[in-house]
Amino acid sequence: MSDWRSDLLAWFDRDQRTMPWRKDFHSDPYAVWVSEVMLQQTTVAAVIPFYERWMARFPTAEALAAASEEEVLQHWQGLGYYSRARNLHQGVRTVVQFGWPQTVKEWKMISGVGDYTAGAIGSIAQGIVVPAVDGNVERVFSRRFMVSDTGEKLKRFATFWAGRNVDPHRPGDWNQALMELGATVCTPKNPTCGRCPVASSCEALQAGRVGEFPAPKPRKDWIELEHVTVVPFRGDRVGLVQAKRGEWWSGLWQPPRGEVGADLGIEIGEFVGRFKHVVTRHKIQLEVRRLEVEGHLDGLTWFEFADLDEVPMSAPGRRAINLALEASLRLPGLE
DNA sequence: AAACCGGGGTT
DNA sequence: AACCCAGGTTT
């Protein structure tokens with residue numbers, strides 16, 4: 001049996017990258033879950049240090065369920081998209097209370113677990129024979145069969161195909177092999193088809209049209225925002241507010257910030273600089289100001305400089321503080 | 001600096 | 001199906 005499926009598995013057995021979580025796999029759904037949620041936005045290299053810190057602090061679902069949201073967010077800091085951390089926290093609490101899901105349908109009832117993550121955890125940790133279709137698999141599929149659909153349609157066809165082809169004895173390895181191929185060989189740009197274990201069955205390659213698949217999605221316009229933030233200092237402390245539910249960076253700390261011209265509930269202070277923070281479709285032009293505060297000030301919580309690394313903080317909030325601190329160093333008269 | 005990537009949730 | 005979430009990598 002040397003069809004492309006066994007060629008792919010053999011390649012995976014030989015060439016798979018080592019990842020710290022792969023040693024924890026095959027019987028620990030929690031380890032798989034953590035790694036999959038972390039990997040949702042970013043790449044393996046970026047996730048590794050976070051995964052190791054996370055598993056040292058929260059080695060089991062029970063340990064994570066018992067932790068406070070504050071500490072969970074703090075350990076997630078730097079990974080972004082913090083709702084993933086809140087969902088994981090909530091999901092783990094559900095599992096600890098009611099037991100581990102045993103099917104994809106049950107996994108999908110857990111907050112933060114959708115089609116892909118349910119398939120990944122079920123197949124890798126529990127041996128359930130289900131596909132796990134991420135962007136890598138969609139790309140491999142669209143090239144393999146020259147499918148030019150995009151979006152939901154591409155995902156549906158890829159899921160159908162993947163589901164018909166999962167290796168019933170090694171579903172987790174098979175899913176990982178497909179994703180690994182997309183991540184390391186069948187890459188979005190400059191794929192290395194010369195190293196592809198299944199090149200001979202790739203329709204796009206035979207046609208010399210690999211670069212045309214998958215078809216690009218129509219791009220949306222940027223949303224431009226102009227915000228101003230005031231960094232309040234008092235001695236060796238900085239005054240922060242916690243973003244409320246429903247606001248961006250909800251639950252994280254940051255200096256008061258708002259649209260230019262809006263009432264921040266604090267004096268506007270003096271200009272120290274500006275930078276741009278880009279996220280998804282949004283470009284935020286952020287004007288940074290600083291303010292020396294003498295007495296009390298309603299609504300602010302004061303953190304010592306030395307403790308700031310431990311505070312779960314929004315990315316632009318941290319950049320603004322750093323900018324304001326640098327400005328203070330350049331202008332010692334302001335201290 | 002712009003383009004692109006990506007999975008889950010909501011409406 | 002479109003949009004929100006509110007970060008990262010590649011080019």
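Reminder, nothing fancy here: chain letters follow the sequence lines and each chain counts from 1.
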Separation of C:dG7 atom C1' from A:Leu39 atom CG, nearest Å, is 14 Å

Specify the residue among A:Gly246 and A:Lys189 whose closest nucleotide of DNA chain C lies further upstream toward the 5′ end. A:Gly246

Does A:His282 place a side-chain N or O at less than 4.0 Å from the phosphate oxygens OP1/OP2 of C:dC4? no

Parallel, tilted or perpendicular: which fits the ring planes of A:Trp4 and A:Trp161, with parallel below 30° and perpendicular above 60°? parallel

Enumerate donor-acceptor pairs with a distance under 3.5 Å from any side-chain N or O in residues 199-213 of chain A to protein atoms, sequence neighbours excluded.
from: A:Ser201; atom 1: OG; to: A:Val198; atom 2: O; distance (Å): 3.1
from: A:Gln206; atom 1: NE2; to: A:Ala199; atom 2: O; distance (Å): 2.9
from: A:Gln206; atom 1: NE2; to: A:Ser200; atom 2: O; distance (Å): 3.4
from: A:Gln206; atom 1: NE2; to: A:Cys202; atom 2: O; distance (Å): 3.3
from: A:Arg209; atom 1: NE; to: A:Glu212; atom 2: OE1; distance (Å): 3.0
from: A:Arg209; atom 1: NE; to: A:Glu212; atom 2: OE2; distance (Å): 3.3
from: A:Arg209; atom 1: NH2; to: A:Glu212; atom 2: OE1; distance (Å): 3.1

Would you call A:Asp115 and A:Lys155 a salt bridge, taking side-chain N to carboxylate O under 4.0 Å as the test? yes

Charged tip of A:Arg144 within 45° of A:Phe141 ring normal and under 6.0 Å: no

Contact class for A:Trp248 vs. all strands (heavy atom < 4.0 Å): base, sugar-phosphate, or nothing? base

Ion pair check, A:Arg17 and A:Glu180, cut-off under 4.0 Å: yes

Would the A:Trp76 and A:His89 ring centres measure less than 6.0 Å apart? no

Using a heavy-atom cut-off of 4.0 Å to chain A, what are the terminal contacting nucleotides of DNA chain B, in 5' to 3' order? B:dA2 to B:dG9

Return the nearest nucleotide to the side chain of A:Ala315; candidates are C:dC5, C:dG7, C:dT9. C:dG7

Heavy atoms only, 4.0 Å cut-off, all strands: where does A:Lys283 land among base, sugar-phosphate and nothing? sugar-phosphate

Just the rounded figure in Å: distance from C1' of C:dA2 to NZ of A:Lys217. 12 Å

Applying a 4.0 Å non-hydrogen cut-off, can you work out what A:Pro188 is touching in the nucleic acid: base, sugar-phosphate, or nothing? sugar-phosphate

Whole-Å distance separating the CD1 atom of A:Ile223 from the P atom of C:dC3: 9 Å

Nearest-Å distance, CH2 (A:Trp222) to C1' (C:dC3)? 16 Å

If we take the P atom in both B:dC5 and C:dA6, what is their distance in whole Å? 22 Å

Within less than 4.0 Å of OP1 or OP2 of C:dC4, is there a side-chain N or O belonging to A:Arg281? yes

Euclidean distance, atom NZ of residue A:Lys276 to atom C1' of C:dA6 [Å, nearest integer]: 16 Å

I'd like the P distance from B:dC4 over to C:dC5, given in whole Å. 23 Å

Look only at the side chain of A:Arg257 and the backbone of A:His227, and say whether a donor-acceptor pair between them is shorter than 3.5 Å. no

Using atom CG of A:Asp221 as one end and atom P of C:dC3 as the other, report the distance to the nearest whole Å. 10 Å

Hey, which of these two, A:Tyr81 or A:Gly112, hits DNA chain B nearer its 5' end, going by closest nucleotide? A:Tyr81

Side chain of A:Asn190 only, please: which of C:dA1, C:dT11, C:dG7 is the nearest? C:dT11

How many Å lie between CG on A:Leu154 and P on C:dA1, as a whole number? 13 Å

C:dG7 OP1/OP2 closer than 4.0 Å to side-chain N/O of A:Trp249: yes

Nearest-Å distance for atom pair NE2/C1', residues A:His227 and C:dA6: 12 Å

Would you mind checking if A:Arg237 and A:Glu304 are paired as a salt bridge, meaning a charged N to carboxylate O distance below 4.0 Å? yes

Within the structure shown, what part of the strands sits under 4.0 Å from A:Val37 by heavy-atom distance: base, sugar-phosphate, or nothing? nothing

Could you tell me whether A:Gly151 contacts a base, only the sugar-phosphate backbone, or nothing, with contacts defined as non-hydrogen atoms closer than 4.0 Å? nothing

Applying a 4.0 Å non-hydrogen cut-off, can you work out what A:Thr42 is touching in the nucleic acid: base, sugar-phosphate, or nothing? sugar-phosphate

Categorize A:Thr117 for me: base, sugar-phosphate, or nothing, with a 4.0 angstrom heavy-atom threshold over every strand shown. sugar-phosphate

Under a 3.5 Å cutoff, is there a donor and acceptor pairing between the side chains of A:Tyr116 and A:Gln40? no

